[in-house]
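What follows is a short report on a single structure.
Fair warning: this is a prediction, and the values are worked out from it, not measured in the lab. Below, read A as the first sequence line, B as the second, and so on, with proteins coming before strands; counting in each chain starts at 1.
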Protein chains: 2
Amino acid sequence: MPDTPETPGPDEPSLDEQIAAYQREFQDLDPQVEKVVSALGRLNRRMNVAYGRQVADLDISNTEWEVLKTLVVSGAPYRLGPGELAKRLGLTPAAMTHRIDRMAGEGLVTRDRDENNRVRVIVELTDEGRTKWLEAMRMASTFEEDLLQDLAPEERVLLGEMLTRLLRRVEDAQPDAGGRLTDLD
Amino acid sequence: MPDTPETPGPDEPSLDEQIAAYQREFQDLDPQVEKVVSALGRLNRRMNVAYGRQVADLDISNTEWEVLKTLVVSGAPYRLGPGELAKRLGLTPAAMTHRIDRMAGEGLVTRDRDENNRVRVIVELTDEGRTKWLEAMRMASTFEEDLLQDLAPEERVLLGEMLTRLLRRVEDAQPDAGGRLTDLD
DNA sequence: GCTTCGAACTTTACTGTTGAAGTCTTCGGA
DNA sequence: TCCGAAGACTTCAACAGTAAAGTTCGAAGC
């Protein structure tokens with residue numbers, strides 16, 4: 001039997017137990033804030049595991065799926081350079097080189113020199129890559145619909161809106177020396 | 001200049017642009033659902049980068065901080081076996097062995113054989129490890145407070161409650177063959 | 001009291017990522 | 001035109017993680 005990375009935290013303490021433990025050690029912790037943050041973290045871990053399992057059925061990895069998504073989002077003709085891909089995925093260019101190697105080998109993308117500027121490289125989605133993306137997307141959207149099944153339509157909108165507000169706070173914050181999230185506007 | 005992994009997605013398309021792109025390629029995508037899911041993903045990526053930068057000031061890595069948190073949550077006397085730690089962190093035991101090696105070398109934890117059952121190993125938080133956790137927690141809670149500054153107190157509670165509902169859906173779902181999230185109760 | 005089984009790590013080989021150095025091309029002066 | 005600097009990858013060495021095999025101890029049968 002393989003040493004599986006094991007579904008994260010099977011008998012890990014519940015969210016409330018976890019927060020209670022933190023409060024015992026660190027009194028001025030705001031439990032409301034901590035609940036939001038901890039739930040976000042756990043939710044994401046679980047979701048990534050679920051996505052990974054699903055796309056594995058298509059013989060691609062979670063990381064390859066990320067690349068496919070990025071190319072699709074860039075729109076037709078589904079082309080980006082390795083550097084741009086790396087930036088958008090938060091990877092080093094070196095990692096991107098290897099990832100593209102693999103994916104080109106699997107026929108998900110092609111890698112070619114830009115004839116107009118021979119320093120540049122163009123990574124382009126193949127039809128197979130586009131098909132894989134579509135299949136993954138279909139599976140993902142089913143999963144996501146299941147995940148949100150307990151939320152009424154208005155709640156979904158509200159949740160999306162609140163998360164967007166948080167996102168705006170992190171994304172628009174200029175890299176402040178002290179690491180504080182500065183006021184916008 | 002080092003090849004930095006670069007703050008994820010500096011000029012990545014906005015959330016709405018991204019969703020619009022998906023819809024062009026995959027018509028029956030529910031934009032409300034997708035907005036929630038994409039915002040969750042992005043938020044988490046940004047937050048992890050931010051945490052990583054903050055704890056780096058304490059000379060620990062994000063992954064080491066995870067271990068410290070897990071031990072603190074377990075409560076006094078802050079002891080767990082490598083296997084249990086691995087399970088809670090979603091890692092293989094092998095990875096845990098190396099992580100503990102490193103952390104023991106840095107004085108954040110101790111590693112000892114259990115005298116009552118010499119197959120078992122006990123990882124215990126040191127005072128230094130506990131101090132690091134506390135400092136990291138202080139920085140994190142400031143950041144989290146900043147992050148949530150645009151939400152009114154009632155909104156924070158509501159957000160936490162909705163996220164908990166989603167979490168319940170993923171955590172309680174039995175590993176269903178088809179990957180569907182089954183109905184509970 | 002052996003022996004076998006199973007549990008709890010550890011070790012080894014391989015894969016993927018980072019950080020730093022190297023290569024190749026383009027561009028902007030001297 | 002030629003040179004130097006900058007940009008865009010790629011290569012290389014070190015490190016972290018996974019999978020699978022190995023080790024060691026404890027427990028359960030015979």
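Positionally, the nearest nucleotide of DNA chain D for R113(A) lies more toward the 5' end than for the other of R113(A) and R102(B). Nearest-nucleotide mapping onto DNA chain C: of A95(B) and H98(A), the residue sitting toward the 5' end is A95(B). Positionally, the nearest nucleotide of DNA chain C for M96(A) lies more toward the 5' end than for the other of N116(A) and M96(A).
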Inset, instruction - May I have the step-by-step check of side-chain contact (heavy atoms from CB on, under 4.5 Å) for R111(B) and I122(B), ending in yes or no? - result: CA-CA 6 Å; R111(B) 182 228 299 272; I122(B) 297 176; over 6 Å; no

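In this structure, N117(B) places its CG atom 9 Å from C1' of dA8(C), rounding to the nearest Å. To the nearest angstrom, C1' of dC15(D) lies 13 Å from CD of E106(B). In this structure, CD of E64(A) is placed 11 Å from C1' of dG16(C), rounded to the nearest angstrom. Regarding L89(B), its CG atom lies at a distance of 10 Å from the P atom of dG17(D), rounded to whole Å. Distance CG (L85(A)) to P (dA8(D)): 14 Å, rounded to an integer number of Å. In this structure, D101(A) atom CG and dT15(C) atom P are separated by 14 Å, rounded to whole Å. dC9(D) atom C1' lies 15 Å from atom CG of L91(A), rounded to whole Å. For the pair K87(B) NZ and dC9(C) P, the computed distance is 10 Å after rounding to whole Å.
Comparing dA7(C), dT10(C), dT18(D) against the side chain of P93(B) picks out dT10(C) as the nearest. Considering only the side chain of V119(B), dC25(D) comes nearest among dT11(C), dT18(C), dC25(D). The side chain of P82(B) has dC9(C) as its nearest neighbour among dC9(C), dT18(D), dC9(D).
A donor-acceptor pair is defined here as one N or O able to donate and one able to accept, closer than 3.5 Å; such a pair exists between the side chain of T126(A) and the backbone of G107(A). Looking only at distances, a side-chain donor or acceptor of R156(A) sits under 3.5 Å from a matching main-chain atom of L151(A).
E106(B) places none of its side-chain heavy atoms less than 4.5 Å from the side chain of K132(B). Under the 4.5 Å side-chain criterion, counting only non-hydrogen atoms from C-beta, E66(A) is in contact with K69(A).
Residue R99(B) places at least one side-chain N or O closer than 4.0 Å to OP1 or OP2 of dG17(D). Taking only side-chain nitrogens and oxygens, R118(B) never comes nearer than 4.0 Å to OP1 or OP2 of dA27(D). Contact check, T97(B) against dT10(C): a side-chain N or O comes under 4.0 Å of OP1 or OP2.
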